[in-house]
J.: 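Structure incoming, see below.
Both backbone and side-chain heavy atoms feed into the values below; hydrogens, waters and symmetry mates do not. Residue numbers begin at 1 in each chain, while the letters A, B, ... track the order of the sequences. Because the structure is predicted, anything quoted here is derived from the model rather than measured.
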Protein chains: 2
Amino acid sequence: MKLSTKGRYGLKAMVDLAIHSQDKHIALRHIAERQDISEHYLEQLIAVLRKSGLVKSVRGAQGGYSLALAPDEITVGDILRALEGSLAPVACVDENVTEECSEWDFCVTRVVWKEISDKVNEVVDSITLSDLLEEYNKKNSGKEYMYYI
Amino acid sequence: MKLSTKGRYGLKAMVDLAIHSQDKHIALRHIAERQDISEHYLEQLIAVLRKSGLVKSVRGAQGGYSLALAPDEITVGDILRALEGSLAPVACVDENVTEECSEWDFCVTRVVWKEISDKVNEVVDSITLSDLLEEYNKKNSGKEYMYYI
DNA sequence: GGAAAACCGACTAATAAACTAGGAATTAAA
DNA sequence: TTTAATTCCTAGTTTATTAGTCGGTTTTCC
């Protein structure tokens with residue numbers, strides 16, 4: 001039930017963008033340095049986020065990335081599901097997977113998986129980047145430069 | 001964020017025990033057959049459950065396993081945590097892991113992981129084997145032998 | 001034209017998951 | 001008292017996934 005680095009790094013990168021890319025774009029290199037993530041690896045993650053429409057890019061020298069939407073329009077759920085796929089603990093309660101398992105009608109453990117799935121999605125869909133930005137400002141008020149996320 | 005087969009098989013096996021081992025013990029082979037799980041593999045899982053005090057065993061011929069506690073005294077959380085370890089999505093919100101990460105004081109994503117962790121534990125701790133047993137009886141009332149779980 | 005960036009696809013190392021194998025110890029029943 | 005059925009234990013193996021690395025191509029500012 002652990003999240004992979006994709007989801008963790010991806011969310012950190014998105015919060016970094018929310019903090020630093022207000023009406024400008026910033027180079028991946030800077031995000032990677034601040035968050036201490038391999039640049040090449042982060043490149044792959046941000047490619048997914050771009051294809052999901054959460055991030056937009058400017059190519060060429062002085063190019064970079066910025067959020068494709070306002071921070072309050074991007075939820076943690078959007079980010080995590082883009083990078084990790086469904087957050088359902090088992091496939092049978094993943095709404096994108098249509099094939100029912102052979103034991104569907106009699107399965108009693110499914111109610112457990114379904115409840116977990118629902119609660120997890122409820123949590124991540126209720127938190128936006130804007131909420132995390134606020135949390136960041138609270139924790140770092142008065143401090144010069146605090147890039148940790 | 002997927003559960004491994006350990007948790008899934010383990011819960012199935014425990015529900016199977018709740019159904020079939022009322023004041024008797026049953027051989028692992030039967031559970032493995034009914035639930036279609038490799039016997040040797042299930043053996044390793046049930047060893048963990050035994051060491052966690054959720055299952056008790058009788059050795060030798062005609063031996064087998066039974067629940068160590070009443071079904072309403074065993075939660076899904078007990079079973080899953082025994083087999084999967086902590087259900088926290090990242091280590092920093094796992095209460096058994098004491099070491100704080102270097103960014104602890106400024107980290108803003110931790111609130112997300114903490115909320116997920118709390119909700120998941122809330123769900124699994126609120127469902128007992130007795131609840132699943134009831135669910136089983138409801139779904140299989142009137143049917144001859146339905147072993148699916 | 002050169003440098004700084006995003007973009008792209010393939011390859012690789014490390015780790016974890018999901019078993020498999022083979023036997024030792026125990027005990028009921030024949 | 002032997003035999004067969006069962007739990008118990010440790011180690012090995014295979015497969016899949018994770019978490020990267022590598023080496024470029026393309027685009028665009030200066």
Side-chain angles (χ1 to χ4, degrees), chain A residues 1-13 16-17 20-21 24-68 80 82-86 89-91, chain B residues 1-13 17 20-21 24-33 35-68 80 82-86 89-91:
Chain A
M1 280 287 283
K2 286 279 173 291
L3 219 63
S4 74
T5 56
K6 287 178 200 163
R8 288 194 285 122
Y9 290 176
L11 182 55
K12 281 181 105 184
D16 189 285
L17 273 180
H20 296 99
S21 80
K24 64 175 189 284
H25 49 269
I26 58 178
L28 190 71
R29 184 166 51 85
H30 298 314
I31 308 176
E33 272 170 13
R34 276 195 292 261
Q35 306 309 327
D36 193 29
I37 301 170
S38 148
E39 195 180 328
H40 257 309
Y41 187 45
L42 185 55
E43 194 178 293
Q44 291 173 40
L45 306 186
I46 212 156
V48 174
L49 294 169
R50 186 174 51 81
K51 283 162 193 162
S52 304
L54 300 172
V55 152
K56 61 187 176 190
S57 65
V58 175
R59 298 192 65 172
Q62 322 313 317
Y65 296 93
S66 57
L67 298 181
L80 294 185
L83 290 164
E84 300 268 341
S86 159
V90 315
Chain B
M1 280 286 285
K2 286 279 173 291
L3 220 64
S4 74
T5 56
K6 287 178 199 164
R8 288 194 284 122
Y9 291 177
L11 183 55
K12 281 181 104 182
L17 273 179
H20 297 100
S21 79
K24 65 175 187 286
H25 49 267
I26 57 178
L28 191 70
R29 184 165 50 84
H30 298 314
I31 309 177
E33 271 169 16
Q35 305 309 327
D36 193 29
I37 300 170
S38 147
E39 194 179 330
H40 257 311
Y41 188 44
L42 185 55
E43 191 179 295
Q44 290 173 38
L45 305 185
I46 212 155
V48 174
L49 294 169
R50 186 174 50 82
K51 283 163 192 162
S52 304
L54 300 172
V55 153
K56 61 187 177 191
S57 64
V58 175
R59 301 191 64 174
Q62 321 314 315
Y65 295 94
S66 58
L67 298 181
L80 294 185
L83 291 164
E84 300 269 340
S86 159
V90 314

J.: Mind checking if Arg50(A) touches a base, just sugar-phosphate, or nothing, with heavy atoms under 4.0 Å?
T.: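 The answer is sugar-phosphate, as Arg50(A) gets under 4.0 Å only of primed atoms, P, OP1 or OP2.
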
J.: Rounded to the nearest Å, what distance is computed from the CD atom of residue Glu43(A) to the P atom of nucleotide dG24(D)?
T.: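 Distance check: Glu43(A) CD to dG24(D) P gives 15 Å.
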
J.: Might you point out which heavy atoms bring Met1(A) and Pro89(A) nearest each other, and give the distance in Å?
T.: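 The pair with the smallest heavy-atom distance is SD-CB, 4.0 Å.
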
J.: Using whole Å, report how far NZ of Lys2(B) lies from P of dA16(D).
T.: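 Nearest whole value for this atom pair: 17 Å.
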
J.: What is the minimum heavy-atom distance between Val55(B) and Ala68(B), and which atoms define it?
T.: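 Closest heavy-atom pair between Val55(B) and Ala68(B): N-CB, 3.7 Å.
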
J.: Has the side chain of Gln44(B) got a donor or acceptor that lies under 3.5 Å from a partner of the other kind on the base of dT20(C)?
T.: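 Side chain to base: pair present.
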
J.: Taking only side-chain nitrogens and oxygens of Arg59(A), does any of them come within less than 4.0 Å of OP1 or OP2 of dC8(C)?
T.: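 For dC8(C), neither OP1 nor OP2 has a side-chain N or O of Arg59(A) closer than 4.0 Å.
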
J.: Answer yes or no: is there a side-chain heavy-atom contact under 4.5 Å between His30(B) and His20(B)?
T.: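 No, their side chains stay 4.5 Å or more apart.
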
J.: Report yes if a side-chain nitrogen or oxygen of Ser57(B) is closer than 4.0 Å to either non-bridging phosphate oxygen (OP1 or OP2) of dT6(D); otherwise report no.
T.: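 False: Ser57(B) side-chain N/O out of range (4.0 Å or more) of dT6(D) OP1/OP2.
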
J.: Starting at atom CG of Leu42(A), determine the distance to atom C1' of dA6(C), rounded to an integer number of angstrom.
T.: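 Checked: the CG to C1' distance equals 12 Å.
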
J.: Can you confirm whether Arg50(B) sits close enough to Lys56(B) that some side-chain heavy atom of one is under 4.5 Å from a side-chain heavy atom of the other?
T.: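 Of all side-chain heavy-atom pairs linking Lys56(B) with Arg50(B), none is under 4.5 Å.
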
J.: OP1 or OP2 of dG20(D) sitting under 4.0 Å from any side-chain N/O of Tyr9(A)?
T.: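 The answer is yes; a side-chain N or O of Tyr9(A) sits under 4.0 Å from OP1 or OP2.
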
J.: It should be established whether Arg29(A) places a side-chain nitrogen or oxygen under 4.0 Å from OP1 or OP2 of nucleotide dA4(C).
T.: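 Negative; the distance criterion is not met.
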
J.: Between Lys56(A) (NZ) and dC7(C) (P), how many Å, whole number?
T.: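 It works out to 13 Å between those atoms.
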
J.: Looking at Tyr41(A), I'd like to know whether one of its side-chain N or O atoms comes within less than 4.0 Å of OP1 or OP2 on dC22(D).
T.: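 Answer no for this pair, as no side-chain N or O of Tyr41(A) is under 4.0 Å from OP1 or OP2.
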
J.: Rounded to the nearest Å, what distance is computed from the CG atom of residue Leu45(A) to the C1' atom of nucleotide dT17(D)?
T.: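 After rounding, the reported distance stands at 15 Å.
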
J.: Distance criterion of 3.5 Å, no angle test: do you see the side chain of Glu39(B) paired donor-to-acceptor with the base of dT7(D)?
T.: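 There is none.
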
J.: Measuring only between side-chain heavy atoms, which start at C-beta, is His25(B) closer than 4.5 Å to Ser57(B)?
T.: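 Not touching, per the 4.5 Å side-chain cut-off.
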
J.: Taking side chain as C-beta onward, heavy atoms only, is Leu49(A) less than 4.5 Å from Tyr65(A)?
T.: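 No, every pair of side-chain atoms sits at 4.5 Å or beyond.
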
J.: Please determine whether a side-chain nitrogen or oxygen atom of Ser38(B) lies at a distance below 4.0 Å from atom OP1 or OP2 of dA18(C).
T.: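 For Ser38(B), the contact criterion (side-chain N or O under 4.0 Å from OP1 or OP2 of dA18(C)) is not met.
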
J.: For Lys51(B) and Ser4(A), find the nucleotide of DNA chain D closest to each by heavy atoms; which residue's nucleotide sits nearer the 5' end?
T.: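 Nearer the 5' end of the strand: Lys51(B).
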
J.: Specify the separation, in whole Å, of atom CD1 of Ile37(A) and atom C1' of dT18(D).
T.: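 So the two atoms are 15 Å apart, to the nearest Å.
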
J.: Can you tell me the distance, in whole Å, between the CG atom of Leu3(A) and the C1' atom of dT17(D)?
T.: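 Between C1' of dT17(D) and CG of Leu3(A): 15 Å.
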
J.: Is any side-chain N or O of Thr5(A) closer than 4.0 Å to OP1 or OP2 of dA19(D)?
T.: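 Thr5(A) to dA19(D) OP1/OP2: side-chain N or O found under 4.0 Å.
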
J.: Counting the atoms with a prime plus P, OP1 and OP2 as sugar-phosphate, which does Ile46(A) contact under 4.0 Å by heavy atoms, base, sugar-phosphate, or nothing?
T.: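 If one applies the 4.0 Å heavy-atom cut-off, Ile46(A) turns out to touch nothing in the nucleic acid.
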
J.: What's Gly63(A) touching, base or sugar-phosphate or nothing? Going by heavy atoms closer than 4.0 Å.
T.: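 Sugar-phosphate, backbone atoms only, no base.
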
J.: Starting at NE2 of His40(A) and ending at P of dA13(C), how long is that distance when rounded to a whole Å?
T.: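 After rounding, the reported distance stands at 17 Å.
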
